[in-house]
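Notes to accompany the following structure.
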Amino acid sequence: MKKLNLRSLIVCWGLLSILSMSAQEKLSVKAMHEDIDYYFNAIKEMHPHPYAKYTESQLDSVKLQLYKDCSQPMNLLDFNFLLAKTSKYTDGHTCVYPPQYNLTSDEKDNLFPPVKFKEGKILLNECVVQSINGIPSSKIVQELDGLVSWQMHPKKREDNMNYNLTALLYKVFHISTPFVCRIQNKETDGVVRDLIVKPVKIKDYSLHKELNKNYSAGALPYEYFPNDSIAVLFYNTSHILGNKPLEKAMDQFTKVFFEQIKQQKMKYLFIDVSQNGGGSDNAHKYFFRSLKTKPYKYTNYKMETLKGGLKRNEFYCLMETNCKTKEDLPINKHKELNNSNIRLEKTIKKLQKKGELKETCKFKGNETGFDGKVFIIMGNNTYSAAYDFCEQAKWHKAGLLVGEESGQYSPYAGNVCLDKLPNSGIDFGFATTYFWTVPDLPKRDGFLQPDIPYDLSMPLEMKDYKEIIRLSDELNSNR
């Protein structure tokens, strides 16, 4: 069972990493090289499948380049930024978390406007931006691209690069306003001219249309539409590990919610995970126990290392108990951890013999759940454990997937551990388990496809829910 899957996306004006030393304090070359070794050794020794895209020799080259880039003492933020740029070479759950760049109030009122990134170019209102305040766009794109994993969904990649753009201009390239862009306009025979680009205030900055207010209204907001026999449940987070109050509330709430829609004889249930960024798969059981599901069987494959598994077991045990060190654990938890480690060692012995662990999983199904049509709304922000929810719903035949393709690339490595570099205190995370399943589900370029494609660029309204129901009827009639 995949328990915890985290990914912290860099937001240039948010709190990203709590560092143990002053941002301007200089790190010695020796200290930086030790931290570089620590990070790459952690990946090599504890990540189950670190070379899914880039080879070991390619990652070694990245490491050697970091040595060269860190040949002089450097302040903490600059070192953190260099390390974070290795994210493009790792999976979506493994990275050095980017530095905390605190924009001044003036900088927050002067953000660079959202742009498009296409084939290594920056496009502003369909015009090619050749440079910003003298900085070549190719250099800007190269820096932004390094901060994003190769597994990132293309739309999320562009969002991420946009969020980082202003901080990069101010804090890495050290430019100041006004933003003077050299623009090439294709509509005027490619004429190149300099243009002062109007900045955007942080309160007005938006990459997309305004989202439904329910996405920011807690873990499980809901809406009832009894006249239309429709209920909508917004499943916004699965982060229950180490959060007992939330898990208890989720357990109690889902019981009441499903009892309510049963009493009101609702015919249609929409479970919206389009903005769920993941957490723990263990949260899903509170939903599936109340949904009608079909029996199904699949084969689960797993890879992990002994060091990574031991680190993960300890990390999760500390999270669940809110203890800082293993020595702080209660006696019963010490015993649980030891038993987990014994089981892990047996598993690793099997893995060492076969190279992978194969397990056939059978589920009986549930005939007593919600007696109506279920739709799972997913999209490009459906990530990690939320993707797993959609995957399980598909296997279970618990409902139809509706919306846009998932934001989670699959197969992927999960069960993330967090750690700090020994000298700088910079945060990083790494996956400890790699999963894949047979038979696989319909994907395009690694991203799960919906049964019913539907535009999610605008908040869904009643007319949209009714249209989705109509499309599902049409889908069923064609089968």
Side-chain angles (χ1 to χ4, degrees), residues 153-156 208-212 214-215 220-225 227-236 238 257-258 261 266-278 284 287-288 290-294 296 298 365-366 369-410 437 439-479:
H153 187 277
K155 289 185 179 178
K156 291 301 296 177
H208 307 287
K209 300 293 183 181
E210 186 176 350
L211 293 174
N212 188 310
N214 284 299
Y215 293 132
L220 293 167
Y222 63 94
E223 290 181 333
Y224 291 140
F225 303 99
N227 292 339
D228 299 289
S229 200
I230 291 174
V232 184
L233 178 60
F234 296 85
Y235 181 15
N236 291 334
S238 310
F257 175 82
F258 280 98
I261 62 174
M266 294 289 187
K267 295 180 181 178
Y268 308 102
L269 170 62
F270 291 79
I271 302 177
D272 192 329
V273 293
S274 64
Q275 300 299 315
N276 187 323
H284 306 335
F287 300 86
F288 285 118
S290 299
L291 295 175
K292 273 193 175 181
T293 56
K294 300 290 185 181
Y296 74 100
Y298 71 98
N366 179 17
F370 171 68
D371 192 21
K373 272 193 172 184
V374 178
F375 303 93
I376 314 294
I377 307 296
M378 71 175 195
N380 305 151
N381 290 318
T382 303
Y383 194 74
S384 200
Y387 160 84
D388 295 339
F389 179 78
C390 296
E391 186 179 60
Q392 291 169 30
K394 185 81 171 174
W395 284 329
H396 274 300
K397 296 185 178 177
L400 290 172
L401 303 181
V402 181
E404 300 168 345
E405 62 185 16
S406 69
Q408 174 64 63
Y409 181 93
S410 178
T437 56
D440 200 2
L441 295 175
K443 298 188 178 88
R444 185 174 62 196
D445 299 328
F447 298 103
L448 181 64
Q449 298 299 298
D451 298 305
I452 301 176
Y454 203 84
D455 182 20
L456 300 181
S457 62
M458 297 291 288
L460 297 182
E461 299 175 352
M462 180 52 63
K463 63 180 177 62
D464 297 299
Y465 296 128
K466 289 182 177 180
E467 175 62 9
I468 290 168
I469 293 169
R470 187 193 68 78
L471 290 171
S472 73
D473 292 337
E474 190 177 279
L475 183 68
N476 288 334
S477 66
N478 291 331
R479 285 179 173 175

Please enumerate all residues that pass side-chain hydrogen bond (donor to acceptor under 3.5 Å, both in side chains) together with [X], with sequence neighbours excluded.
X: S410; result: Y387
X: N366; result: T368
X: H396; result: none

Using salt bridge (Lys or Arg N to Asp or Glu O under 4.0 Å) as the criterion, list what pairs up with [X], not counting sequence neighbours.
X: K294; answer: none
X: R470; answer: E467, E474
X: K443; answer: D440

Not counting sequence neighbours, which residues clear side chain to side chain contact (heavy atoms under 4.5 Å, CB included) with [X]? List them please.
X: K267; answer: S229
X: K292; answer: D371
X: N381; answer: K156, Q275
X: A393; answer: F288, I376, A398

query: What salt bridge (charged side-chain N to carboxylate O under 4.0 Å, His left out) pairs are there with at least one residue in residues 396-407, not counting sequence neighbours?
result: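 Output for this query lists E405-R444.
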
query: L456 versus I377: any side-chain heavy-atom pair under 4.5 Å?
result: yes

message: I'd like to check F225 versus V232 (side-chain heavy atoms, cut-off strictly below 4.5 Å). Are they in contact?
response: yes

message: Between D272 and Y215, do the side chains contain a donor N or O and an acceptor N or O under 3.5 Å apart?
response: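 Per modelled atom types, Y215 and D272 side chains form a pair under 3.5 Å.
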
task: Scan side-chain atoms only and decide if Y383 and H153 contain a donor-acceptor pair under the 3.5 Å cut-off.
output: no

message: I'd like to check the ring-ring contact (aromatic ring centres under 6.0 Å, His included) partners of F270; sequence neighbours left out, ordered by chain and number.
response: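 With neighbours one apart ignored, the set is F375, Y465.
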
query: Which atom pair, heavy atoms only, marks the closest approach of M378 to P450?
result: CE-N, 3.5 Å

